[in-house]
Structures are given as structure tokens and as C-alpha cells.
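Below is one structure, written out as C-alpha cells, with a few remarks after it.
Along the sequence shown, residues are numbered consecutively beginning with 1. Source: prediction; values computed, not measured. Both counts, for ligands and for their atoms, begin at 1 and track the order of listing.
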Amino acid sequence: MLFDPRPKTRREDLFGRDKELDLLHNNVDSPIIVVTGIRRIGKTSVLNVFLNEVSIPSVVLDLRELKTNFGFRDLYNVIAKGFSSRLDKFIDLLKSISAVKIVGAEVEFRWRGRNAINLSTLFDYMNRRRIIIAFDEAQRLRGPRSQEILNAIAHAYDYDKNITFIFTGSEAGLLYSFLGLENPQSPLYGRYMYMLTLERFPRDLSIEFLKKGFREAGVNISIDVVESAVDAFDGIPGWLTFFGNEYVRGLRDLDKTKRMAIEVALEELRNIARERGKRYALALKGMAEGADSWGKLKRYIEEKEGGVVSTSILYNIVKNLEDLSIIKDYRFLDPVYREAAKM
Ligand code: ADP
């Protein structure tokens, strides 16, 4: 179903991404594939569909839950969870590793102490067979463990030719800086990676998506409502799906659906302000209200705060919001976040 709110797993439920899937199939032998795009653009869905279609066994490591200051215990828990869900595919391989324990349907890694396994060695084991290891929301790997993780990936890049790594990330700037593509100090600097960016649907395709979804659900809807929904949610498939699903389930009030979406976005913006400070909220509000240049944003913040804001502080705020893929050139990448920032 096109309007199923969960990430899609089959091509027939995934609208308008045939070209992107072809590109992934054509580049499956790259040692590293990087898939970026803003939140709700469909990265997890494209990844799932691709991994279901390709004949190479794969494991997806979902890093969403990883906390900022994660340790190796947390990382190995994520890896264990990923492998537990693919036990059928990897049981023989896992059984051959002495640092792995299989309890019922759960995989456990001995990650410290005697006979522990480090990441590079784990990758060497995995390399015994062709495998795809996907890290979903990989910018979360940033942190005190970055260097060791990157070293292990660089090691696998050089020696483990059977492994293809896929990194997806909503916060493209953070993901690129983790991978260190432009940083000569990074172990991965200068390595080839296949890069795929998922873009929003153009307007006509967004309309087509909604029409097809409503047809599939057997629900009649006027073209005016469809167009208003696309005005509100732009070509971001996650929001269009959200709207479609709510409408099909009986919520016929577009303003209400918009408010619900704004609430979701607001929660994320509040988290940013909580983690980074109130000035972020103010800067976002300024940009949402039209401060679309350095000078305008500086004046906006100074007027509201009644004091001078230093160039370096403002530079950092703008740069960090860009790295988080919230804004680009003082404009919001997602109209729902723009509305949320005004609140
Ligand atoms: P991301 O990983 O980029 O945040 P998801 O894959 O989780 O995005 O998708 C967000 C929502 O949008 C999910 O409900 C998913 O089912 C839907 N979705 C995304 N892309 C498409 C698409 N091309 N066709 C149909 N539904 C999609």
C-alpha cells in the first residue's frame, strides 16, 4: 500500500524511485555506498526495497537509538540486534566466530575482555562471504568512538573485498564530516564512495503519487485538496504518505493534518534547542520569518536579544543547522519545519 506509514519493503509499494533503485543495483559492487536526503524523503524505504531485491545477503544496523556518547557496548548491541533479525542468513557464519554467542534467537558479541572481538576482526569474519552491511542514520556513529570505527571500515575497505558498506543519513553534513571525505586526517579520506542523494518529488509527481495512493485505497478526493496538500507538504514522500494515510482513515481536515505534522517537526526542533541552546530556536524563527541572509539574521537575533551576537557564534549556528539538513542558504529544506519554527 502506497500510504502505509511504515518504511516500504517492496518495489510495488515504493513510488517513483525506479531510477534510484537501478543506480543502487548498478553500483552494488562499490565498497562504500552513501545515501543521503532529508528526513522522510524515503532513504530507509529505498534501502529496504533494494536489499530485498539484491541476491547478496545483508544486515541493516539501525543507529537511530544510539546516544551521542555511545560506547562499544551500545554499538555491539545494535550490531547484535541487526544480526539477530537475520539469523537465518548468517547462522553458520556467526557460529564459526568464537566471540559470538547465540541464545535462542538472540546474537551476543563478546566485545571486551579475553577472546573479545574488535570491529576489524568482525569485518574479516564477515568477509568470508559476500555481504552488504548497511548503517541506517550513520551520522550517529560520530562521537568518541569515531576513530576506531573509521579505522575498522578503512581496514575492511582495503582487505575485505566481499563487503559492501551502505551508509544512509538524514543529516548529510554530519555524515560527510564523520566519513571525513574532505579531511586528510580521516582514514577514509580519498577512498572512492558511490554517492546517491534522494531528492523530493517534483510537483507533478507528488500529485501523481497522491492520486495513485487514493485510487489504490478506493477513496475519492478532489484535485483541489490534493493540490493543497502538495502546497503544504511539498514533494516530501513521508509527509505526503502521512497526509494520505490520515485522509484514508477519515481525517478530512487538511489544516488539522498540517498541525499534526507541525507538532512532529516541532518536537525535533525543540530537541535541537534543548541540546544546543535557545539561540538555535531564535535563529530558526528568524529564518522562518524571512531573515534569509547573514545580515538579516544577525539583525533579527540582536533585536530580539537586545545585544550583539558574535560572528563566530552565528557562523556556528548557521553551519550546524546546515549540517543537520534543516536549512540551506538561510531557507528551510522542509516547509513543515519552517511552520514549526514560527511557533
Ligand atoms: P527516511 O528514511 O528518509 O526518513 P522513510 O523511508 O522512513 O524515510 O519514509 C518516510 C515515510 O514515507 C514512510 O511512511 C514511507 O512509507 C513513506 N515513503 C517514502 N518514500 C516513499 C515512496 N517513494 N513511495 C511510497 N512511500 C514512501
With a distance cut-off below 6.0 Å to the six-membered ring centre and an angular limit of 45° from the axis, does R191 pair with Y157 as a cation-pi contact? yes
Single-linkage hydrophobic cluster, 4.5 Å side-chain cutoff, Y192 and I166 together: yes
Just go through [options] and tell me whose heavy atom is the nearest to [atom].
| atom | options | value |
| --- | --- | --- |
| atom 1 (P) of ligand 1 | K43, R6, E137 | K43 |
| atom 2 (O) of ligand 1 | T44, T9, D18 | T44 |
| atom 9 (O) of ligand 1 | P5, S45, G37, G244 | S45 |
| atom 12 (O) of ligand 1 | G238, G169, G16 | G238 |

Side chains of [X] and [Y], donor plus acceptor under 3.5 Å:
| X | Y | result |
| --- | --- | --- |
| R128 | S96 | yes |
| Y194 | N26 | no |
| R110 | S98 | no |

Measure the distances from the heavy atoms of F201 to every atom of ligand 1 and state whether one is below 4.0 angstrom. yes
Closer than 4.0 angstrom: is that true for some heavy atom of F3 and an atom of ligand 1? no
Identify the closest protein heavy atom to [atom]: which residue and atom is it, and at what distance?
| atom | answer |
| --- | --- |
| atom 21 (C) of ligand 1 | P237 CB, 3.7 Å |
| atom 17 (C) of ligand 1 | T241 OG1, 3.4 Å |
| atom 4 (O) of ligand 1 | R40 N, 2.9 Å |
| atom 23 (N) of ligand 1 | F15 O, 2.8 Å |
| atom 26 (N) of ligand 1 | K8 NZ, 3.0 Å |
| atom 25 (C) of ligand 1 | D13 O, 3.4 Å |

Using the rule given for salt bridge (Lys or Arg N to Asp or Glu O under 4.0 Å), can you reason through K19 versus D22, listing the C-alpha separation, both sets of side-chain angles and the distance that settles it, and then say yes or no? CA-CA 5 Å; K19 193 183 88 206; D22 285 350; over 6 Å; no
Which atoms form the tightest heavy-atom contact between S228 and L254, and what is the distance? CB-CD2, 3.5 Å
Under 4.0 Å to a heavy atom of [X] - the qualifying atoms of ligand 1, by number:
| X | answer |
| --- | --- |
| G42 | 1 (P), 3 (O), 5 (P), 6 (O), 8 (O), 9 (O), 19 (C), 20 (N) |
| I41 | 3 (O), 8 (O), 20 (N) |
| R17 | 23 (N) |
| D4 | 14 (O), 16 (O) |

How many angstroms lie between CG in L75 and CD in E148, if you round to the nearest 0.5 Å? 10.0 Å
Hey, is F242 touching ligand 1 through its side chain, its backbone, both or neither, going by heavy atoms under 4.0 Å? neither
May I ask you to decide whether E268 forms a salt bridge with R39, counting only side-chain N to carboxylate O separations under 4.0 Å? yes
Is there a side-chain contact between Y315 and W294 (heavy atoms, below 4.5 Å)? yes
Would you say the side chain of F15 lies within less than 4.5 Å of the side chain of F201, judging by non-hydrogen atoms? yes
